[in-house]
Participant: 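Take this structure, written in structure tokens, and hold onto it; I'll ask about it next.
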Amino acid sequence: MPPLTRHRVLVTGFGPFREFTINPSWLAAEQLHSNLLFTNDPKPESIEITSIRIPVVYQDVLQIVPGMHASPPVLPGEFADRASDDKYSLIVHIGVARPGPLRFEGLGHKTGYNKPDHENKMADIVDASCNPPLRGFAASKYSALSEELTTPVDAVAIVNKLAKEGVHIRSSEDAGHYLCDFIYYCSLAESRLAGKETPVIFIHCPPVGQPLTTDQVAAGVRDIIVSACSAMH
């Protein structure tokens with residue numbers, strides 16, 4: 001008899017932006033939806049994945065991400081019926097970056113968001129005395145949080161393990177100061193503010209075929225999820 005679901009994992013990909021009418025991150029995330037995985041333990045625990053798509057829009061991130069960390073979680077719009085009754089064991093955000101390997105990002109930044117989003121809108125102004133204005137997380141609930149927030153997951157250990165197993169992956173400390181970085185900081189912050197400390201990670205993938213296919217990206221993220229959940233004891 002298979003074990004009951006022990007770990008529920010939420011995976012997000014992004015919607016269209018720039019030349020990507022279908023975002024490569026969403027292609028991979030969508031492929032992971034409803035996957036059932038198992039931890040690498042003598043008594044394997046099951047892992048059930050739910051995937052949703054997030055617009056490449058600062059205000060949408062600010063509105064959607066807190067619901068992921070609520071009890072019970074609340075998911076947006078067309079994905080509302082995918083919400084779990086229980087909190088997630090792990091939240092994984094995926095975003096597209098430059099060609100190359102998968103990049104396991106170690107931290108998110110609070111400020112420094114000077115590029116317009118998919119709707120040509122800017123992030124909120126944190127300090128108008130700067131030139132240009134310092135933009136990022138202006139809401140008072142974020143004021144006491146550090147400029148950088150790091151993932152509680154041991155990214156280096158997972159990257160070293162998977163690289164030895166042949167996964168095309170490396171560690172990174174620069175998530176880019178755009179929507180990828182923005183959702184990462186927001187999710188790490190909301191995890192802390194919710195008091196549950198749900199582990200959050202961010203994975204950058206390359207454009208399709210540069211060099212990884214969507215199948216290879218999805219397989220790499222599966223390996224990351226299994227490794228992260230296997231370490232939860």
Side-chain angles (χ1 to χ4, degrees), residues 7-40 44 46-57 61 75 78-79 82 88-106 108 117-118 151 153-176 178-184 187 199-231:
H7 301 281
R8 297 189 186 277
V9 176
L10 180 67
V11 175
T12 75
F14 279 111
F17 87 114
R18 296 178 185 166
E19 71 271 28
F20 301 109
T21 54
I22 302 178
N23 198 303
S25 66
W26 175 239
L27 291 173
E30 188 176 34
Q31 193 175 119
L32 294 168
H33 181 63
S34 294
N35 282 197
L36 182 64
L37 310 176
F38 296 91
T39 59
N40 295 320
S46 62
I47 306 166
E48 183 179 292
I49 299 176
T50 298
S51 299
I52 65 170
R53 184 178 59 248
I54 308 292
V56 183
V57 177
V61 169
L75 300 183
E78 64 185 294
F79 303 104
R82 295 185 179 184
Y88 297 106
S89 301
L90 175 70
I91 295 178
V92 181
H93 303 290
I94 311 173
V96 66
R98 58 185 177 271
L102 295 175
R103 286 165 38 202
F104 195 135
E105 300 293 345
D117 61 23
H118 185 60
T151 177
V153 178
D154 192 339
V156 173
I158 290 176
V159 167
N160 289 341
K161 172 182 177 293
L162 295 183
K164 290 178 182 178
E165 295 173 359
V167 178
H168 201 35
I169 189 171
R170 71 174 180 85
S171 300
S172 170
E173 296 292 315
D174 181 9
Y178 192 50
L179 265 296
C180 293
D181 205 338
F182 194 80
I183 198 172
Y184 198 16
S187 198
V200 177
I201 60 179
F202 190 96
I203 307 299
H204 264 127
C205 69
V208 178
Q210 299 184 41
L212 303 178
T213 66
T214 296
D215 287 350
Q216 288 173 317
V217 171
V221 176
R222 285 189 195 97
D223 290 339
I224 292 167
I225 290 171
V226 168
S227 295
C229 289
S230 296

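Predicted model, so just to flag it, every value in this text is computed and none were measured. Note: hydrogens, waters and symmetry copies are ignored here, and every other heavy atom, side chains too, is used.
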Participant: Could you measure the distance from the CZ atom of Phe38 to the NE2 atom of His7? Nearest 0.5 Å is fine.
Facilitator: 11.5 Å
Participant: Search all heavy atoms of Pro211 against all heavy atoms of Gln216 and return the closest pair with its distance.
Facilitator: O-OE1, 3.9 Å
Participant: Is there a side-chain contact between Arg103 and Ile203 in this structure, where contact means two heavy atoms from C-beta onward sitting under 4.5 Å apart?
Facilitator: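 With C-beta onward as the side chain, the pair stays apart.
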Participant: At what distance, to the nearest 0.5 angstrom, does CZ of Arg8 lie from OG of Ser46?
Facilitator: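 Answer rounded to 0.5 Å: 8.0 Å.
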Participant: So, does Arg222 use its side chain to make a donor-acceptor pair with the main chain of Leu32 at under 3.5 Å?
Facilitator: no
Participant: Taking the side chain as every heavy atom from C-beta outward, state whether Val9 and Leu37 have any pair of such atoms under 4.5 Å apart.
Facilitator: no
Participant: Whether the side chain of Ser51 engages the backbone of Ala29 through a donor-acceptor N/O pair (distance < 3.5 Å, no angle test) should be reported.
Facilitator: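 Checking the backbone N and O of Ala29 against the side chain of Ser51, a donor-acceptor pair under 3.5 Å is found.
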Participant: Scan the side chains in residues 156-165 for donor-acceptor partners under 3.5 Å anywhere in the protein, sequence neighbours excluded, and list what turns up.
Facilitator:
residue : atom : partner : partner atom : Å
Asn160  : ND2  : Val156  : O            : 3.3
Lys161  : NZ   : Glu165  : OE2          : 3.0

Participant: Compare every heavy atom of Ile52 with every heavy atom of Phe79, then report the nearest pair and how far apart it is.
Facilitator: CB-CG2, 3.5 Å
Participant: Listed by chain and number, what are the side chain to side chain contact (heavy atoms under 4.5 Å, CB included) partners of Val208, not counting sequence neighbours?
Facilitator: Pro24, Leu27, Thr214
Participant: Given Ile224 and Val92, is the side chain to side chain contact (heavy atoms under 4.5 Å, CB included) satisfied, shown in steps?
Facilitator: CA-CA 9 Å; Ile224 292 167; Val92 181; 5.9 Å; no
Participant: To check you understand the geometry: which heavy-atom pair defines the closest contact between Val226 and Ser230, and what is its length?
Facilitator: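 So the minimum-distance heavy-atom pair works out to O-OG, 2.7 Å.
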Participant: Sequence neighbours excluded, which residues qualify as ring pair (Phe, Tyr, Trp, His ring centres under 6.0 Å) partners of Tyr184?
Facilitator: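 Partners of Tyr184 by the ring pair (Phe, Tyr, Trp, His ring centres under 6.0 Å) criterion, ordered by chain and then number, come out as Phe202.
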Participant: Under the rule for salt bridge (charged side-chain N to carboxylate O under 4.0 Å, His left out), what residues qualify as partners of Arg53, not counting sequence neighbours?
Facilitator: Glu78
Participant: Does any pair with a residue in residues 21-30 pass side-chain hydrogen bond (donor to acceptor under 3.5 Å, both in side chains), and if so which ones, sequence neighbours excluded?
Facilitator: Asn23-Ser25
Participant: For Phe20, which residues count as a ring pair (Phe, Tyr, Trp, His ring centres under 6.0 Å) partner, sequence neighbours excluded?
Facilitator: Phe17
Participant: Would you say that Phe14 contacts Thr12 through its side chain, given a criterion of any heavy-atom pair below 4.5 Å between the two side chains?
Facilitator: no
Participant: Looking at Val200, is its backbone amide N or carbonyl O close enough to the side chain of Thr151 to form a donor-acceptor pair, meaning the two atoms are under 3.5 Å apart?
Facilitator: yes
Participant: Can you tell me how far the CD1 atom of Ile201 sits from the CG atom of Asp154, to the nearest 0.5 Å?
Facilitator: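 Here the interatomic distance stands at 11.5 Å.
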Participant: Locate the shortest heavy-atom distance separating Val217 from Ala28; write the atom from each residue and the value.
Facilitator: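 Heavy-atom minimum between the residues: CG1-CB, 3.5 Å.
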Participant: Are Ile225 and Asn35 close enough that some pair of their side-chain heavy atoms sits under 4.5 Å apart?
Facilitator: no
Participant: So which heavy atom on Ala97 is nearest to which on Pro207, and how close?
Facilitator: O-CD, 3.1 Å
Participant: Kindly determine whether His204 and Cys180 satisfy side chain to side chain contact (heavy atoms under 4.5 Å, CB included), including the steps that lead there.
Facilitator: CA-CA 8 Å; His204 264 127; Cys180 293; 3.3 Å; yes
Participant: What pair of heavy atoms forms the shortest contact from Ile47 to Cys229, and how long is it?
Facilitator: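 Smallest interatomic distance, heavy atoms only, reads CD1-CB, 3.7 Å.
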